[in-house]
**Q** 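Structure incoming, see below.
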Amino acid sequence: MIKVGVNGYGTIGRRVADAVRLQKDMELVGVTKTKPDYRSRLAVGKGIPLYAVDMKSMEGFKAAGYAVKGTVNDLLQRVDVVVDAAPDDIGAENKKLYSQAGVKAIFQGGEEHEVAGISFCAQCNFEKAVGKQFVRVVSCNTTGLCRTLHAIDEGVGIAKARAVLARRAADPDEVGKGPIDAVVLDPTTLPSHHGPDVQTVLEGMNVVTMAFKVPTTHMHLHSLLLTLKKPATKEQVVQSLEKAPRIQLVDGKSGFKSTAQVIDLAREMGRPRGDTYEATVWRDSVTVLDGEAYMFLGVHQEAIVVPEDIDAIRALYGGYSREQSMMLTDESLGIVHR
Ligand code: NAD
């Protein structure tokens with residue numbers, strides 16, 4: 001059993017913790033929390049051992065009547081791998097703790113590539129992380145782009161990729177974030193950070209991205225414009241997407257007119273929290289014109305990196321092939337392999 005801890009129990013941490021609990025070869029040793037709120041109560045209710053992020057937060061838990069098992073330093077003594085799911089840039093600070101404890105650690109996409117030196121997307125570069133101490137799972141948008149570009153590059157070859165990202169403004173519980181009534185250029189200059197981030201995984205991919213934020217909380221939507229290396233048909237592009245894992249194809253004529261129906265599908269399938277782990281490509285948007293392929297790609301920001309974190313745990317621990325790990329992860333999460 002791989003002993004796993006999760007440091008940071010927010011949007012990503014809670015999902016990764018639940019996914020770890022579904023793995024037959026992993027034990028969730030505990031999660032850290034900063035304060036005793038309803039999420040702490042729910043974690044305890046699930047039987048998840050709670051740890052405080054530091055001594056000060058431990059006092060808060062004790063005062064609220066929680067029996068915490070210790071601080072993050074105690075958790076680190078008991079695990080093989082820790083998944084850092086703390087807010088952006090806090091992971092880089094936490095790295096000192098992991099180095100001191102000699103524990104393997106996974107960082108999230110809110111950290112710089114340099115925090116680990118390896119950026120990870122399982123189906124693209126699992127092998128690079130095998131046996132290493134640190135790895136960074138790339139952000140939600142970068143994961144969606146990496147899966148899709150990798151699949152089409154393997155299938156028909158990409159000479160140049162361009163992507164325009166309409167980004168969700170905030171996660172559903174982030175009440176303090178906006179915009180409420182604007183489209184925000186994110187940033188006003190090009191490229192957005194996503195293109196260079198894709199290149200930390202798909203080295204050599206010629207990709208330029210631009211992004212803006214829209215007032216929605218569920219899912220990002222990318223418009224992809226790809227110059228192909230050689231002539232290909234729409235069917236060949238679709239086939240390369242169908243062959244790749246963790247990409248689902250949906251159609252407008254089946255009722256998928258927006259991101260809302262993608263989330264609705266996940267809810268109706270009984271996915272926890274309505275999570276869509278797959279990159280979602282609209283099959284009927286795939287169009288090839290004059291050597292260029294076009295398509296829409298949806299990314300459920302809260303969920304898409306969850307299977308990647310689980311595979312990253314196995315990669316760091318060692319002893320698994322990419323195929324073995326992805327199959328175990330996907331079976332446990334209900335991700336269908338065609
Ligand atoms: P979040 O704010 O929802 O959760 C972070 C949690 O960490 C909170 O519960 C916070 O209280 C806790 N925390 C604060 N300080 C801490 C510390 N010192 N040590 C441990 N925990 C601490 O954030 P999130 O959205 O889950 O993002 C976590 C990481 O995942 C970021 O790097 C982010 O960029 C990345 N990510 C987020 C999304 C997304 O859409 N939310 C998608 C992909 C990747």
Side-chain angles (χ1 to χ4, degrees), residues 11-12 87-92 107-121 123-125 136-153 158-172 174 176-228 246-247 258-259 262 276 278-282 285 292-305 308:
T11 302
I12 301 299
D88 294 2
D89 301 325
I90 304 285
F107 300 94
Q108 304 303 313
E111 308 303 322
E112 300 295 326
H113 167 75
E114 289 67 31
V115 74
I118 304 167
S119 289
F120 181 89
C121 174
Q123 65 209 67
C124 305
N125 67 351
R136 164 185 174 260
V137 168
V138 289
S139 74
C140 47
N141 279 314
T142 306
T143 300
L145 281 169
C146 284
R147 286 185 195 165
T148 310
L149 296 181
H150 183 252
I152 298 173
D153 198 33
I158 295 174
K160 179 169 184 179
R162 279 149 289 192
V164 183
L165 284 66
R167 303 184 63 190
R168 67 86 179 92
D171 289 341
E174 290 180 317
K177 280 194 181 174
I180 289 177
D181 185 17
V183 177
V184 179
L185 286 65
D186 187 31
T188 53
T189 52
L190 267 73
S192 66
H193 70 272
H194 308 93
D197 207 25
V198 166
Q199 289 163 333
T200 64
V201 177
L202 301 179
E203 290 164 24
M205 175 64 69
N206 183 350
V207 53
V208 179
T209 54
M210 56 200 296
F212 52 87
K213 278 189 203 164
V214 290
T216 182
T217 61
H218 287 300
M219 297 187 69
H220 308 286
L221 187 77
H222 300 201
S223 304
L224 298 188
L225 305 87
L226 313 174
T227 306
L228 302 177
R246 296 182 186 168
I247 297 177
S258 75
T259 53
V262 178
T276 299
E278 300 88 345
T280 303
V281 175
W282 271 259
S285 73
E292 310 265 346
Y294 303 83
M295 71 206 66
F296 289 121
L297 160 70
V299 171
H300 184 198
Q301 79 281 358
E302 299 165 290
I304 193 169
V305 298
E308 307 300 327

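Keep in mind that the numbers below use all heavy atoms, side chains included, and drop hydrogens, waters and symmetry copies.
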**Q** Please determine if E112 and R136 form a salt bridge, counting it only when a charged side-chain N lies under 4.0 Å from a carboxylate O.
**A**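 Between R136 and E112 there is no salt bridge, as every charged N stays at least 4.0 Å from the carboxylate O atoms.
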**Q** Does a side chain donor of either H113 or S119 reach within less than 3.5 Å of an acceptor in the other side chain?
**A** yes
**Q** If only side-chain N and O atoms count, and only distance matters, is there a donor-acceptor pair under 3.5 Å linking T227 with R162?
**A** yes
**Q** Could you pull out the closest heavy-atom pair between A169 and K177, with the gap in Å?
**A** O-CD, 4.2 Å
**Q** Can you spot which of M219, E278, H218 makes a side-chain contact (heavy atoms from CB on, under 4.5 Å) with V262?
**A** M219
**Q** Tell me, with the steps shown, if K160 and E292 meet salt bridge (Lys or Arg N to Asp or Glu O under 4.0 Å).
**A** CA-CA 9 Å; K160 179 169 184 179; E292 310 265 346; over 6 Å; no
**Q** Is a donor on one side and an acceptor on the other found under 3.5 Å between the side chain of E308 and the backbone of V137?
**A** no
**Q** Looking only at non-hydrogen atoms, find the nearest pair between W282 and L297 and report the distance.
**A**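 The pair with the smallest heavy-atom distance is CZ3-C, 4.5 Å.
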**Q** Any chance you could lay out the side-chain contact (heavy atoms from CB on, under 4.5 Å) test for V201 and V138, step after step, and finish with the verdict?
**A** CA-CA 8 Å; V201 177; V138 289; 3.7 Å; yes
**Q** Which atom names give the shortest non-hydrogen contact between P191 and V208, and what distance separates them?
**A**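 Reported closest heavy-atom pair: CB-CG1, 4.3 Å.
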**Q** Can you confirm whether I180 is buried at CD1, in the sense that more than 12 heavy atoms of other residues, nucleotides or ligands lie under 6.0 Å from that atom?
**A**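 Atom CD1 in I180 is not packed in, count stays at 12 or less.
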**Q** Please round to the nearest 0.5 Å and tell me the distance separating atom SG of C124 and atom CE of M205.
**A** 8.5 Å
**Q** Which heavy atom in I304 sits nearest to a heavy atom in R147, and how many Å separate them?
**A** O-NH2, 3.0 Å
**Q** Looking at T209 and G195, would you say the former's side chain and the latter's main chain have a donor-acceptor pair under 3.5 Å?
**A** yes
**Q** Of the options V281, T148, V299, which is the one that meets H222 in a side-chain contact (heavy atoms from CB on, under 4.5 Å)?
**A**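 Running side-chain contact (heavy atoms from CB on, under 4.5 Å) over V281, T148, V299 with H222 returns exactly one hit, V299.
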**Q** Which heavy atom of P215 sits nearest a heavy atom of P179, and at what distance?
**A** CB-O, 3.4 Å
